Asks: 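One structure is given below, represented as C-alpha coordinates, and several questions about it will come after.
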Amino acid sequence: MLHNDVKKVLLSEEEIKKRVQELGEAISQDYKGEELVLVCVLKGAVVFYTDLIRAIGNDVDVSLDFISCSSYGNGTVSSGEVRIMKDLDRSVEGKHVLVVEDIVDTGTTLHYLLDNLKARQAKSVKLATLLNKPERRKVDVHVDYNGFTVPDYFVIGYGLDYAERYRQLPYIGILKEEIYQ
(Lines give C-alpha, C1' and ligand atoms only; values in the text may rest on other atoms or scores of the structure.)
Protein backbone atom coordinates (compact mmCIF):
# COMPACT_ATOMS: atom_id res chain seq x y z
CA MET A 1 0.00 0.00 0.00
CA LEU A 2 2.75 2.50 0.89
CA HIS A 3 4.49 1.63 -2.38
CA ASN A 4 1.58 3.24 -4.25
CA ASP A 5 2.63 6.64 -2.89
CA VAL A 6 6.11 6.32 -4.39
CA LYS A 7 6.61 8.14 -7.67
CA LYS A 8 9.97 6.46 -8.35
CA VAL A 9 12.58 4.38 -6.52
CA LEU A 10 15.65 6.60 -6.32
CA LEU A 11 18.01 4.17 -4.54
CA SER A 12 17.42 0.45 -4.31
CA GLU A 13 17.85 -1.65 -1.19
CA GLU A 14 20.93 -3.27 -2.78
CA GLU A 15 22.55 0.09 -3.64
CA ILE A 16 22.02 1.30 -0.07
CA LYS A 17 23.45 -1.88 1.49
CA LYS A 18 26.56 -1.68 -0.68
CA ARG A 19 27.17 1.99 0.08
CA VAL A 20 26.61 1.60 3.84
CA GLN A 21 29.20 -1.21 3.85
CA GLU A 22 31.67 1.06 2.03
CA LEU A 23 31.06 3.86 4.54
CA GLY A 24 31.58 1.44 7.43
CA GLU A 25 34.89 0.34 5.95
CA ALA A 26 36.06 3.95 5.53
CA ILE A 27 35.08 4.80 9.11
CA SER A 28 36.85 1.65 10.33
CA GLN A 29 40.05 2.74 8.61
CA ASP A 30 39.87 6.30 9.94
CA TYR A 31 39.17 5.29 13.56
CA LYS A 32 41.14 2.03 13.79
CA GLY A 33 42.23 1.51 17.39
CA GLU A 34 40.21 4.51 18.59
CA GLU A 35 37.14 5.00 20.75
CA LEU A 36 34.25 6.48 18.80
CA VAL A 37 30.87 7.75 19.97
CA LEU A 38 28.26 7.34 17.25
CA VAL A 39 25.46 9.86 17.75
CA CYS A 40 22.23 8.99 15.96
CA VAL A 41 20.03 11.93 15.01
CA LEU A 42 16.53 10.63 15.75
CA LYS A 43 14.28 9.52 14.23
CA GLY A 44 15.15 9.44 10.56
CA ALA A 45 18.72 8.19 10.86
CA VAL A 46 17.96 5.14 13.02
CA VAL A 47 17.80 2.62 10.15
CA PHE A 48 21.01 3.93 8.56
CA TYR A 49 22.63 4.09 12.02
CA THR A 50 21.96 0.46 12.92
CA ASP A 51 23.22 -0.79 9.55
CA LEU A 52 26.29 1.46 9.75
CA ILE A 53 27.17 0.19 13.24
CA ARG A 54 27.27 -3.37 11.90
CA ALA A 55 29.45 -2.25 8.96
CA ILE A 56 32.12 -0.75 11.25
CA GLY A 57 34.90 -3.20 12.02
CA ASN A 58 35.84 -4.63 15.40
CA ASP A 59 39.05 -2.55 15.47
CA VAL A 60 36.98 0.48 16.50
CA ASP A 61 35.64 0.75 20.05
CA VAL A 62 32.14 2.05 19.37
CA SER A 63 29.67 3.44 21.89
CA LEU A 64 26.20 4.63 21.01
CA ASP A 65 24.14 7.68 21.88
CA PHE A 66 21.08 9.46 20.53
CA ILE A 67 19.94 13.04 20.05
CA SER A 68 16.80 14.53 18.63
CA CYS A 69 16.69 18.03 17.24
CA SER A 70 14.60 19.70 14.62
CA SER A 71 14.14 22.83 12.59
CA TYR A 72 11.08 21.42 10.80
CA GLY A 73 8.43 20.75 13.43
CA ASN A 74 5.59 19.00 11.59
CA GLY A 75 6.16 20.78 8.30
CA THR A 76 8.14 20.07 5.16
CA VAL A 77 10.09 23.35 5.20
CA SER A 78 12.75 24.29 7.75
CA SER A 79 11.76 27.07 10.15
CA GLY A 80 15.42 27.99 10.68
CA GLU A 81 15.06 27.68 14.46
CA VAL A 82 16.70 24.56 15.92
CA ARG A 83 15.50 22.88 19.10
CA ILE A 84 17.03 19.92 20.91
CA MET A 85 14.16 17.61 21.83
CA LYS A 86 16.26 14.81 23.39
CA ASP A 87 19.86 15.36 24.44
CA LEU A 88 22.75 12.92 24.75
CA ASP A 89 22.83 10.62 27.76
CA ARG A 90 26.50 11.23 28.58
CA SER A 91 29.36 13.64 28.06
CA VAL A 92 31.36 13.60 24.83
CA GLU A 93 34.21 15.63 26.30
CA GLY A 94 37.55 14.33 25.03
CA LYS A 95 35.87 11.77 22.72
CA HIS A 96 35.80 11.31 18.96
CA VAL A 97 32.18 11.86 17.87
CA LEU A 98 30.57 10.81 14.62
CA VAL A 99 27.12 12.28 14.05
CA VAL A 100 24.98 9.96 11.93
CA GLU A 101 22.18 11.71 10.02
CA ASP A 102 19.67 10.54 7.43
CA ILE A 103 19.81 13.62 5.17
CA VAL A 104 21.60 16.95 5.02
CA ASP A 105 19.21 19.41 3.44
CA THR A 106 19.40 23.13 4.31
CA GLY A 107 22.20 22.43 6.79
CA THR A 108 20.54 24.50 9.52
CA THR A 109 20.01 21.68 12.01
CA LEU A 110 23.36 20.00 11.37
CA HIS A 111 25.35 23.23 11.59
CA TYR A 112 23.79 23.94 14.96
CA LEU A 113 24.28 20.38 16.20
CA LEU A 114 27.92 20.09 15.09
CA ASP A 115 28.79 23.44 16.71
CA ASN A 116 26.94 22.36 19.87
CA LEU A 117 28.96 19.12 20.11
CA LYS A 118 32.25 20.92 19.44
CA ALA A 119 31.40 23.34 22.27
CA ARG A 120 31.09 20.30 24.57
CA GLN A 121 34.84 19.79 24.09
CA ALA A 122 34.67 16.67 21.94
CA LYS A 123 38.09 15.55 20.70
CA SER A 124 36.72 15.59 17.15
CA VAL A 125 33.29 15.90 15.56
CA LYS A 126 32.55 14.50 12.12
CA LEU A 127 29.41 13.87 10.11
CA ALA A 128 28.13 10.81 8.25
CA THR A 129 24.96 11.14 6.21
CA LEU A 130 23.07 8.72 4.05
CA LEU A 131 21.76 11.46 1.74
CA ASN A 132 23.10 14.88 0.85
CA LYS A 133 21.15 17.61 -0.97
CA PRO A 134 23.80 20.32 -1.52
CA GLU A 135 21.57 22.38 -3.83
CA ARG A 136 19.23 23.08 -0.87
CA ARG A 137 22.02 24.25 1.44
CA LYS A 138 21.46 27.51 3.30
CA VAL A 139 24.24 26.95 5.86
CA ASP A 140 27.64 25.46 5.01
CA VAL A 141 28.05 21.97 6.51
CA HIS A 142 31.02 19.71 5.81
CA VAL A 143 30.00 16.09 5.23
CA ASP A 144 32.84 13.71 6.10
CA TYR A 145 31.12 10.47 5.05
CA ASN A 146 28.52 10.87 2.31
CA GLY A 147 26.31 8.02 1.22
CA PHE A 148 24.63 9.55 -1.82
CA THR A 149 24.18 13.02 -3.26
CA VAL A 150 20.58 13.31 -4.39
CA PRO A 151 18.54 15.88 -6.32
CA ASP A 152 15.95 18.06 -4.62
CA TYR A 153 13.04 15.64 -4.33
CA PHE A 154 10.96 14.85 -1.25
CA VAL A 155 12.37 11.42 -0.41
CA ILE A 156 11.07 8.69 1.87
CA GLY A 157 12.03 5.21 3.00
CA TYR A 158 14.96 3.61 4.82
CA GLY A 159 14.10 5.68 7.90
CA LEU A 160 13.01 8.87 6.16
CA ASP A 161 9.38 9.80 6.58
CA TYR A 162 6.56 12.06 5.71
CA ALA A 163 4.19 12.57 8.68
CA GLU A 164 5.78 9.55 10.44
CA ARG A 165 4.95 7.21 7.54
CA TYR A 166 7.11 5.30 5.03
CA ARG A 167 10.13 4.76 7.33
CA GLN A 168 9.97 0.97 6.89
CA LEU A 169 10.39 0.99 3.11
CA PRO A 170 13.70 -0.78 2.34
CA TYR A 171 14.63 1.67 -0.42
CA ILE A 172 14.72 5.45 -0.94
CA GLY A 173 11.80 6.63 -3.02
CA ILE A 174 10.47 9.92 -4.30
CA LEU A 175 7.12 10.71 -2.68
CA LYS A 176 4.33 11.66 -5.08
CA GLU A 177 3.67 15.41 -4.87
CA GLU A 178 -0.06 15.00 -4.30
CA ILE A 179 0.65 13.25 -0.98
CA TYR A 180 2.34 16.25 0.66
CA GLN A 181 0.85 19.26 -1.14
Side-chain angles (χ1 to χ4, degrees), residues 1-27 38-55 64 66-86 98-114 126-181:
M1 180 170 128
L2 294 178
H3 300 289
N4 296 334
D5 295 345
V6 176
K7 181 177 182 177
K8 175 184 173 189
V9 173
L10 192 61
L11 296 166
S12 71
E13 184 176 4
E14 294 76 26
E15 289 173 296
I16 295 168
K17 282 182 181 177
K18 181 177 185 270
R19 186 64 184 133
V20 171
Q21 187 62 43
E22 292 169 352
L23 291 172
E25 290 168 7
I27 292 164
L38 266 73
V39 174
C40 178
V41 181
L42 295 172
K43 298 177 188 171
V46 75
V47 177
F48 173 46
Y49 182 76
T50 55
D51 287 347
L52 186 63
I53 290 164
R54 290 188 295 265
L64 313 179
F66 301 86
I67 197 164
S68 177
C69 52
S70 179
S71 65
Y72 285 85
N74 291 324
T76 59
V77 178
S78 175
S79 68
E81 181 182 326
V82 180
R83 294 181 353 175
I84 292 181
M85 316 297 271
K86 184 243 177 273
L98 180 61
V99 174
V100 180
E101 178 63 295
D102 56 355
I103 188 166
V104 181
D105 192 2
T106 65
T108 303
T109 302
L110 267 297
H111 184 268
Y112 172 84
L113 180 57
L114 296 171
K126 291 190 175 182
L127 173 62
T129 188
L130 178 65
L131 303 177
N132 189 7
K133 285 187 187 177
E135 67 187 78
R136 298 248 318 146
R137 205 73 89 244
K138 291 182 180 175
V139 180
D140 186 38
V141 174
H142 176 72
V143 177
D144 300 281
Y145 303 97
N146 183 42
F148 301 93
T149 299
V150 294
D152 187 19
Y153 296 116
F154 197 100
V155 291
I156 53 167
Y158 197 73
L160 288 93
D161 75 304
Y162 172 67
E164 295 296 328
R165 298 179 67 217
Y166 311 103
R167 293 188 194 276
Q168 75 269 34
L169 296 175
Y171 55 81
I172 301 290
I174 300 170
L175 186 62
K176 290 179 179 176
E177 291 87 0
E178 61 266 22
I179 304 297
Y180 63 89
Q181 288 182 338

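The model shown is predicted, which means the values in this text are computed figures rather than measured ones.
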Asks: Dump the intermediate steps for side-chain contact (heavy atoms from CB on, under 4.5 Å) on M85 and L42, then the final yes or no.
Replies: CA-CA 10 Å; M85 316 297 271; L42 295 172; over 6 Å; no

Asks: Does a side-chain heavy-atom distance below 4.5 Å link L160 with L131?
Replies: yes

Asks: Does the side chain of D161 come within less than 4.5 Å of K43's, by heavy atoms?
Replies: no

Asks: Is any side-chain N of the basic residue among D5 and K176 closer than 4.0 Å to the acidic one's carboxylate O?
Replies: no

Asks: Run D140 and H142 through side-chain hydrogen bond (donor to acceptor under 3.5 Å, both in side chains) and show every step you take.
Replies: CA-CA 7 Å; D140 186 38; H142 176 72; over 6 Å; no

Asks: Is R19 paired with E22 through a side-chain N to carboxylate O contact shorter than 4.0 Å?
Replies: yes

Asks: Where is the tightest heavy-atom contact between C40 and A45, given as atom of each residue plus distance?
Replies: SG-C, 3.9 Å

Asks: Taking side chain as C-beta onward, heavy atoms only, is I16 less than 4.5 Å from F48?
Replies: no

Asks: Would you indicate whether the side-chain heavy atoms of I84 and S68 approach each other to under 4.5 Å?
Replies: no

Asks: Would you sort out whether L175 and V6 count as a side-chain contact (heavy atoms from CB on, under 4.5 Å), showing the intermediate values?
Replies: CA-CA 5 Å; L175 186 62; V6 176; 5.9 Å; no

Asks: Do the side chains of E14 and K18 get close enough for a salt bridge, i.e. N-O under 4.0 angstrom?
Replies: no

Asks: Ring centres under 6.0 Å, that's the criterion: do Y158 and Y171 meet it?
Replies: no

Asks: Hey, are the side chains of V100 and V39 touching, using non-hydrogen atoms and a 4.5 Å cut-off?
Replies: no

Asks: Between D102 and V41, is there a side-chain heavy-atom distance shorter than 4.5 Å?
Replies: no

Asks: Step by step, work out the side-chain contact (heavy atoms from CB on, under 4.5 Å) result for V99 and L113.
Replies: CA-CA 9 Å; V99 174; L113 180 57; 3.9 Å; yes

Asks: Would the number of heavy atoms belonging to other residues, nucleotides or ligands and lying under 6.0 Å from NZ of K8 be above 12?
Replies: no

Asks: Ignoring hydrogens, what is the shortest heavy-atom contact between I174 and Y153? Give both atom names and the distance.
Replies: CD1-CD1, 3.5 Å

Asks: As an exercise, state the distance from SG of C69 to CG of L110, rounded to the nearest 0.5 Å.
Replies: 7.5 Å

Asks: To the nearest 0.5 Å, how far apart are CZ in F154 and OH in Y180?
Replies: 7.0 Å

Asks: Side chains of R137 and N132: any donor to acceptor distance under 3.5 Å?
Replies: yes

Asks: Within a strict 4.5 Å, meaning less than it, do heavy atoms of the L130 and I172 side chains meet?
Replies: yes

Asks: Calculate, to the nearest 0.5 Å, the distance between atoms CG and CG belonging to L127 and L98 respectively.
Replies: 7.5 Å

Asks: Rounded to the nearest 0.5 Å, how far apart are CG of L23 and CG of L52?
Replies: 6.5 Å

Asks: With sequence neighbours left out, what residues match Q181 under side-chain contact (heavy atoms from CB on, under 4.5 Å)?
Replies: E177

Asks: Might you confirm whether atom CZ of F66 has over 12 heavy atoms from other residues, nucleotides or ligands at distances under 6.0 Å?
Replies: yes

Asks: Does any non-hydrogen side-chain atom of Y145 lie less than 4.5 Å from one of T129?
Replies: no

Asks: Just how far is it from atom NZ of K138 to atom CZ of R136, taken to the nearest 0.5 Å?
Replies: 6.5 Å

Asks: What are the two closest heavy atoms between L38 and Y49, and how far apart are they?
Replies: O-OH, 2.8 Å

